[in-house]
Novice: 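Take this structure, written in structure tokens, and hold onto it; I'll ask about it next.
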There are 2 protein chains.
Amino acid sequence: MVTIKDVAKAAGVSSSTVSRTINNSPSISSKTKEKVIKEIKRLNFSPNSMAKGLINNKSYTVTLLVDVDDEKSFQNPFFYEIMHGIERLVYKKEFSLIVANLNTTMKKQSVLEWLVKAKRTEGVILPSSILNSKLVDELKKDGVPFVSIGEPTNLKESVSWVDIDNKKGTEMATYSLLDKGYENIAFLGLDKTKLFSKRRYDGYMNAILESKQEVINVECGNSKDDGYHNMKKLLNGPVIPDAVICADNIISIGVIRAIQEAGLSIPEDIGIISFDNQQIAELSYPTITTVNVDVYELGYQSAKLLFELIENPQTRYQGLLISTKIEERESTIKNK
Amino acid sequence: MVTIKDVAKAAGVSSSTVSRTINNSPSISSKTKEKVIKEIKRLNFSPNSMAKGLINNKSYTVTLLVDVDDEKSFQNPFFYEIMHGIERLVYKKEFSLIVANLNTTMKKQSVLEWLVKAKRTEGVILPSSILNSKLVDELKKDGVPFVSIGEPTNLKESVSWVDIDNKKGTEMATYSLLDKGYENIAFLGLDKTKLFSKRRYDGYMNAILESKQEVINVECGNSKDDGYHNMKKLLNGPVIPDAVICADNIISIGVIRAIQEAGLSIPEDIGIISFDNQQIAELSYPTITTVNVDVYELGYQSAKLLFELIENPQTRYQGLLISTKIEERESTIKNK
DNA sequence: TTGTAGGCGTTATCAC
DNA sequence: GTGATAACGCCTACAA
């Protein structure tokens, strides 16, 4: 293993000079600097991250905490993109990204304790679904900066978080449907136990009331069967909508099925807008217009907030909303 | 920060005694050991991982390398489960799991170099799609153990890898269809550029030839449109199959569409078996019978192989195949 | 069985 | 601008 001493010897300088070169110290002549850099390259030297960390008491490491056993924790398709966004910034900062599972069984302690107390990590990003007051207390007590992905609920403390602007998303979706000429727009899939679902409903409500239209609201779960059965009911009901906004992407699969079985056509008779799950939206017949959710950006911004907290612990906690965009596909008509 | 010295002072022993206690040294009286452990707990002490790493020249860290920009690298839905399998073993070994992207831009060097040379990681797990001879050379030169997820292709060197037993999977699927009474079984979606696709075809071939049936093979890409158009062609062709095995899960969505448009019923007229993508298989109407692929196990076994290499660098390279299981859903009939 | 001392590779603090 | 030296927290001979 080639160390700073080897480089120093080879370049005929002291190890401090090599250290200064590595760390871009201003007080060093460009001549020796050049010489040292040359030797560093020749010897293929990289500073040992642990020795450096020991001195500075830093691990140069950030943790993405998940709960694999909790379905709400991170949806499979979203996780990869979120991680990608995080990774981009983390490595730009010359940190490493650790991924850990909240409920991993370790000998004596919890993973989180293990990561935090042994100085293995300097900050944590975690989904709001696993964030409760107890966890917040622990993290704050240990002085580890953290950022929640998703706006937390039922929390007394204030924390930093990043979320999709769900409300604005459905608001835009509703207006977009109205613009196209749809007149009876239903919202299907409100689940009051879920914040994102409520937010999406709020956006829909806003736009509907603002436009003096009638609210058609169907509360239900988020499986394809929920979508199917509730759409069926709606089609037999007093007011048949000519457009449906689905709170959650899976629901829309069942909704489409119900509409097609009733002999109605999409998007002519009934238009559909759902929330982003690109793969499903594009696999369906017809493909589904969605409120596009930029989860890469979600990840990137969460990392950005985290680094602000790491670099300056005095930073105030803040909430950040990522804007959405409507991606037109076959389930909505261009002009009615 | 509480160090080994604080514990030593509190317990009235030397720091070496504390160190010995932590590391379960045999030469220590159970009495002092007890005393020390008590203080460790009271003071809430955890050994600093970097100081320990510096001594042993170990990082206690394993890296999962991906290429987020390469679609073949890891399918979204698979990644999470694979990672879960890896994570399980990694933390059991009291290591951390780093996730890094091959093409992350760092100032001077590649992430991999950065991770390896600065002693940030002790082993690497990576998808076969990004593994080429150049990368193998680099990894071997640096002496980092690594395991490929997926059987590598076009590699002169021998390496350790884990893969799904694709061949056996389609073989079982074919026999299962024959058992149910299907007689003209087609294989749709052979892509000769992909090893897993070829393996799946081989399994189908084996079973068909063994059973003295006729081979119906359609080569095509793996989009839903490929599935749709090629199934349509098949339905207009001389021999209409009464069962289809799809090489890839997305294809089956198009295949189903084509069959339904032709007014035929699934599974009565035509049965379908595809490969695992649980979400898609269950969202479809009808739900799709799949060859179930245990990607958690894939991840777990890759980590196991990696640790064998880390703990004993003399370990021989080996390839490991994970068996599959057929998950019956609506797209195949019970008895024809 | 326990304690002392030296060192892992780096950086910060002094001198020069 | 540069070099010696002492840390950082832990482990491991070696000594007792």
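Within every chain, numbering begins at 1; the chains are lettered A, B, ... in the order of the sequence lines, protein sequences first and strands thereafter.
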Novice: For A:Asn101 and A:Val66, work out which heavy atoms get closest and say how close.
Specialist: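 Smallest interatomic distance, heavy atoms only, reads OD1-O, 3.1 Å.
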Novice: For B:Asp67 and B:Asn103, which I'm curious about, is there any donor-acceptor pair between the side chains at under 3.5 Å?
Specialist: yes
Novice: Using atom CG of B:Asn48 as one end and atom P of C:dG9 as the other, report the distance to the nearest whole Å.
Specialist: 17 Å
Novice: Can you tell me whether the side chain of A:Ser19 and the base of C:dA12 have a donor-acceptor pair closer than 3.5 Å?
Specialist: no
Novice: What is the distance, rounded to the nearest whole Å, between atom CG of B:Asn56 and atom C1' of C:dG9?
Specialist: 14 Å
Novice: For a ring pair (Phe, Tyr, Trp, His ring centres under 6.0 Å) with A:Phe307, tell me which candidate from A:Tyr60, A:Tyr91, A:Phe95 qualifies.
Specialist: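 Filter result, single survivor: A:Phe95.
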Novice: What is the separation between atom NZ on B:Lys5 and atom C1' on C:dA5, rounded to the nearest whole Å?
Specialist: 12 Å
Novice: How is A:Met1 classified with respect to the nucleic acid when contacts are heavy atoms under 4.0 Å: base, sugar-phosphate, or nothing?
Specialist: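 Since only primed, P, OP1 and OP2 atoms lie under 4.0 Å of A:Met1, the category is sugar-phosphate.
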Novice: Reckon B:Thr32 touches a base, only the sugar-phosphate, or nothing at all at heavy-atom distances under 4.0 Å?
Specialist: sugar-phosphate
Novice: So, is A:Asn23 close to the C:dT11 phosphate, meaning a side-chain N or O under 4.0 Å from OP1 or OP2?
Specialist: yes
Novice: Below the 4.0 Å mark, does D:dG1 have OP1 or OP2 next to a side-chain nitrogen or oxygen of A:Thr17?
Specialist: no
Novice: Nearest heavy-atom pair of B:Glu308 and B:Thr315: which atoms, and what distance?
Specialist: O-OG1, 3.1 Å
Novice: Tell whether B:Ser16 reaches the base of C:dT4 with its side chain through a donor-acceptor pair below 3.5 angstrom.
Specialist: yes
Novice: Side-chain N or O of A:Ser15 versus OP1/OP2 of C:dT10: is the shortest distance under 4.0 Å?
Specialist: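 Looking at the OP1 and OP2 atoms of C:dT10, neither is under 4.0 Å from any side-chain N or O of A:Ser15.
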Novice: Which nucleotide wins on minimum distance to the side chain of B:Ser14, given the candidates C:dT4, D:dG3, C:dT1?
Specialist: C:dT4
Novice: To the side chain of A:Val13, which of D:dG9, C:dT1, D:dG3 is closest?
Specialist: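 Closest of the options to the side chain of A:Val13: D:dG3.
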Novice: Measure the distance from CD1 on B:Ile28 to P on C:dG3 and round it to the nearest whole Å.
Specialist: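 Distance check: B:Ile28 CD1 to C:dG3 P gives 9 Å.
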Novice: When the distance from NZ of A:Lys52 to C1' of C:dC8 is rounded to whole Å, what number comes out?
Specialist: 17 Å
Novice: Across the strands shown, which category fits B:Val18 at heavy-atom distances under 4.0 angstrom: base, sugar-phosphate, nothing?
Specialist: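 The answer is nothing, as B:Val18 stays clear of every strand by at least 4.0 Å.
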Novice: Looking at the side chain of A:Ile4, which of D:dC10, D:dT2, C:dT10 is the nearest nucleotide?
Specialist: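 For A:Ile4, the side-chain atoms sit closest to C:dT10.
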Novice: Between B:Arg20 and B:Leu54, name the one whose nearest nucleotide on DNA chain D is closer to the 5' end.
Specialist: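 The 5'-side residue here is B:Leu54.
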Novice: In whole angstrom, what separates A:Lys58's NZ from C:dT11's P?
Specialist: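 That distance rounds to 12 Å.
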Novice: Identify the two heavy atoms, one from B:Glu81 and one from B:Val295, that lie closest to each other, and give their separation to 0.1 Å.
Specialist: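 Looking at all heavy atoms of both residues, the shortest contact is CB-CG2, 3.3 Å.
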